[in-house]
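Everything on this sheet refers to the single structure shown next.
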Amino acid sequence: MSVRTRFAPSPTGFLHIGGARTALYNWLYARHHGGEFVLRVEDTDAERSTAESMNVILDGLKWLGMDWDEGPGVGGDHGPYHQSERADIYDRYLAKLEEAGHTYEDEGAIRFKVPDKMITVKDTVCGDVSVNLKEQGSRRFEQETKQEVEANPDIVIKRPNGGYIFHFVNVVDDIEMGITHVIRGEDHLSNTPKHLALYEALGVDPPIFAHIPLNLNQNGSKMSKRDEGALIHEYQENGFLPDAVNNYMALLGWSGKDDQEIFSLKELKERFGLSGVNKSNSKFDYDKCLWVNAEHLKKLSPEALAAASAPFLEKAGIPSDDSRVPAALELARDRAQRLIEVPEVIATIFADEVIYDQASVDKVTSKDTSAQAVAALIAGLEAATEWTLDSIKPTIVTAAESIEVKMGMLMLPCRVAVMGSTSGADLIPVLELLGQEEVVKRLKGFAEKL
RNA sequence: GACCCGUUCGUCUAGCGGUCUAGGACUCCGCCCUUUCACGGCGGCAACACGGGUUCAAGUCCCGUACGGGUCGCCA
């Protein structure tokens with residue numbers, strides 16, 4: 001059986017991590033089975049839908065590396081892919097429903113008669129879930145008054161203004177687009193009996209449903225766009241790798257059932273399956289997401305690292321054609337969890353002036369041995385006849401011996417004098433990259449502070 | 001409130017009746033490596049929500065309770 005999945009976002013102006021994760025599961029499932037992934041825009045609610053708000057979502061998906069076989073920008077045989085342009089299709093389906101006597105008018109709106117019987121959702125993740133819509137819908141809970149009131153269980157499928165309602169268009173589109181597997185958030189589980197009733201009234205076999213658990217924030221409530229890590233474009237801006245984000249999203253609700261946690265997109269594609277999806281909601285953990293990104297960073301080829309870092313270097317004013325950049329990036333890769341941290345680690349190498357971190361400076365200047373240490377460093381390093389990775393360390397050792405201290409006593413002052421901070425990249429390679437002249441210059445500049 | 005779903009370390013999870021004195025990962029804490037910063041290595045803290053069953057045997061099956069989440073729109 002061929003597989004066709006879909007992601008059907010409404011254009012809200014943000015690609016939310018929950019939505020991206022749903023998209024990912026659908027995409028992964030389709031790709032794993034060699035099937036198709038369809039993108040459809042649910043913009044029936046015209047007020048909040050703009051081209052721009054949709055582009056944000058498309059850009060997010062593209063950045064993550066999810067391609068769609070049909071949908072906005074690529075076309076396909078089942079278009080149009082914006083619900084706002086599919087009115088005639090909905091009209092056609094509504095006529096079918098009307099003919100079969102499944103609908104009636106109610107104050108200008110069209111309602112669908114809900115059957116008075118148990119409807120069972122056979123969910124791939126959640127198992128069988130049964131409900132009687134007529135019974136259920138005959139009462140409604142009013143949030144404001146906290147009261148149950150009588151209600152019409154028959155669902156509205158068309159508004160008096162002619163607009164169609166989600167449940168109806170969702171079902172029609174999935175039928176028309178030949179969707180075989182509907183993978184969506186568990187918040188839709190309770191809606192699914194309505195959809196099943198619609199499928200039956202239309203005389204169409206429903207697709208396979210899989211409702212995936214929700215991602216919650218640290219407080220255990222639904223993630224909102226204010227929560228850290230909620231918006232995909234922020235990952236991009238902060239220097240996360242797309243594959244790392246995919247990796248982390250996949251892990252939120254899916255497991256490969258072994259101890260592997262770091263997956264490339266390709267591996268995810270090979271291994272993803274609905275049987276690995278679990279039933280309970282998960283809380284988003286930014287720290288773990290950072291760790292996953294760091295792991296992906298470590299695995300990047302030098303070329304890929306350079307390419308991914310380029311925008312961040314540019315923003316920091318580091319010339320990417322500087323011959324020292326590749327070496328500097330290697331120094332940064334192990335201590336940055338995100339690309340945005342890369343410039344912080346290596347900026348001092350490319351800076352004309354050392355930018356001193358006051359706390360680091362204080363730490364060094366408060367020691368009365370520091371002046372002597374810096375003097376020894378200047379003397380030793382200035383006199384060096386060789387300046388290579390291998391030669392610098394012995395030179396510093398010799399300088400330390402000249403004032404009868406251990407090398408460790410010189411490293412911190414040297415670090416702060418040259419790099420401006422007690423933390424940062426590996427010192428010796430930085431010295432090598434900077435060159436003898438620059439290092440001595442920086443040491444002398446720092447000596448004046450003492 | 002009614003209905004639906006869920007409940008293993010703080011968090012993500014493994015576990016599909018015996019191999020569980022419950023495994024891995026993140027975080028945190030030690031130690032080692034490093035005469036610098038990290039990476040890394042090793043180790044530690046830490047969980048089967050509760051109560052009843054079923055069974056020779058239950059984290060694993062069943063039923064309750066509690067807690068959490070979801071749905072109940074002429075939003076999607």
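Chain naming here is simple, since letters A, B, ... match the order of the sequence lines and numbering starts at 1 in each. Worth knowing before you read on, the calculation uses all heavy atoms, side chains too, and leaves out hydrogens, waters and symmetry mates. In this text the structure is predicted, and so the values were computed from the model without any measurement.
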Legend entry - Within the 6.0 Å centroid threshold, strictly below: A:Phe166 and A:His188: yes
Legend entry - Between B:G17 and B:A76 - P atom distance, rounded Å: 44 Å
Inset, instruction - Could you check which nucleotide pairs with B:C45 in any of the strands shown, counting Watson-Crick or G-U wobble with both distances under 3.5 Å? - result: none
Legend entry - Shortest side-chain distance from A:Asp285, nucleotide among B:G40, B:C26, B:U36: B:C26
Inset, instruction - Give a yes or no on whether the ring-centroid distance for A:Phe284 and A:Tyr248 is below 6.0 angstrom. - result: yes
Legend entry - Assigned partner base of B:U60, Watson-Crick or wobble definition, under 3.5 Å: none
Inset, instruction - Report yes if a side-chain nitrogen or oxygen of A:Lys393 is closer than 4.0 Å to either non-bridging phosphate oxygen (OP1 or OP2) of B:U35; otherwise report no. - result: yes
Legend entry - d(OH, A:Tyr286; P, B:C26) in whole Å: 18 Å
Inset, instruction - Could you tell me whether A:Lys269 and A:Glu267 have a side-chain N and a carboxylate O separated by less than 4.0 Å? - result: no
Legend entry - Span that lies between the C1' atom of B:C67 and that of B:C50, in whole angstrom: 10 Å
Inset, instruction - Measure the distance between the ring centre of A:Phe141 and the centre of the six-membered base ring of B:G1, then answer whether it is under 5.5 Å with planes under 30°. - result: yes
Inset, instruction - Examine the base of B:A76 for any acceptor or donor lying under 3.5 Å from a partner atom in the side chain of A:Asn191, and report the outcome as yes or no. - result: yes
Legend entry - Gap in Å between the two C1' atoms, one belonging to B:G10 and one to B:A47, rounded: 10 Å
Legend entry - Validation row, ring centre A:Phe7 to ring centre A:Trp27 under 6.0 Å: no
Inset, instruction - Determine: side-chain N/O of A:Asn161 to OP1/OP2 of B:C74, distance under 4.0 Å, yes or no. - result: no
Legend entry - Closest to the A:Ile165 side chain, choosing from B:A25, B:C74, B:U36: B:C74
Legend entry - Side chain A:Asp187 and base B:U71 donor-acceptor under 3.5 Å: no
Legend entry - Identified pairing partner of B:C74, criterion: Watson-Crick or G-U wobble below 3.5 Å: none
Inset, instruction - To the nearest 0.5 Å, tell me how far A:Glu228 CD sits from A:Tyr286 OH. - result: 5.0 Å
Legend entry - Interatomic distance at P, B:U71 relative to B:C31, whole Å: 49 Å
Inset, instruction - Using both distances under 3.5 Å as the test, list the Watson-Crick or G-U wobble partner of B:G68, or none. - result: B:C5
Legend entry - Contact under 4.0 Å: A:Arg159 side-chain N or O vs B:A76 OP1/OP2: yes
Inset, instruction - Look at the side chain of A:Leu216 and decide which nucleotide, out of B:A14, B:A76, B:G69, has an atom nearest to it. - result: B:G69
Legend entry - Below 4.0 Å: OP1/OP2 of B:G15 and any side-chain N or O of A:Lys257: yes
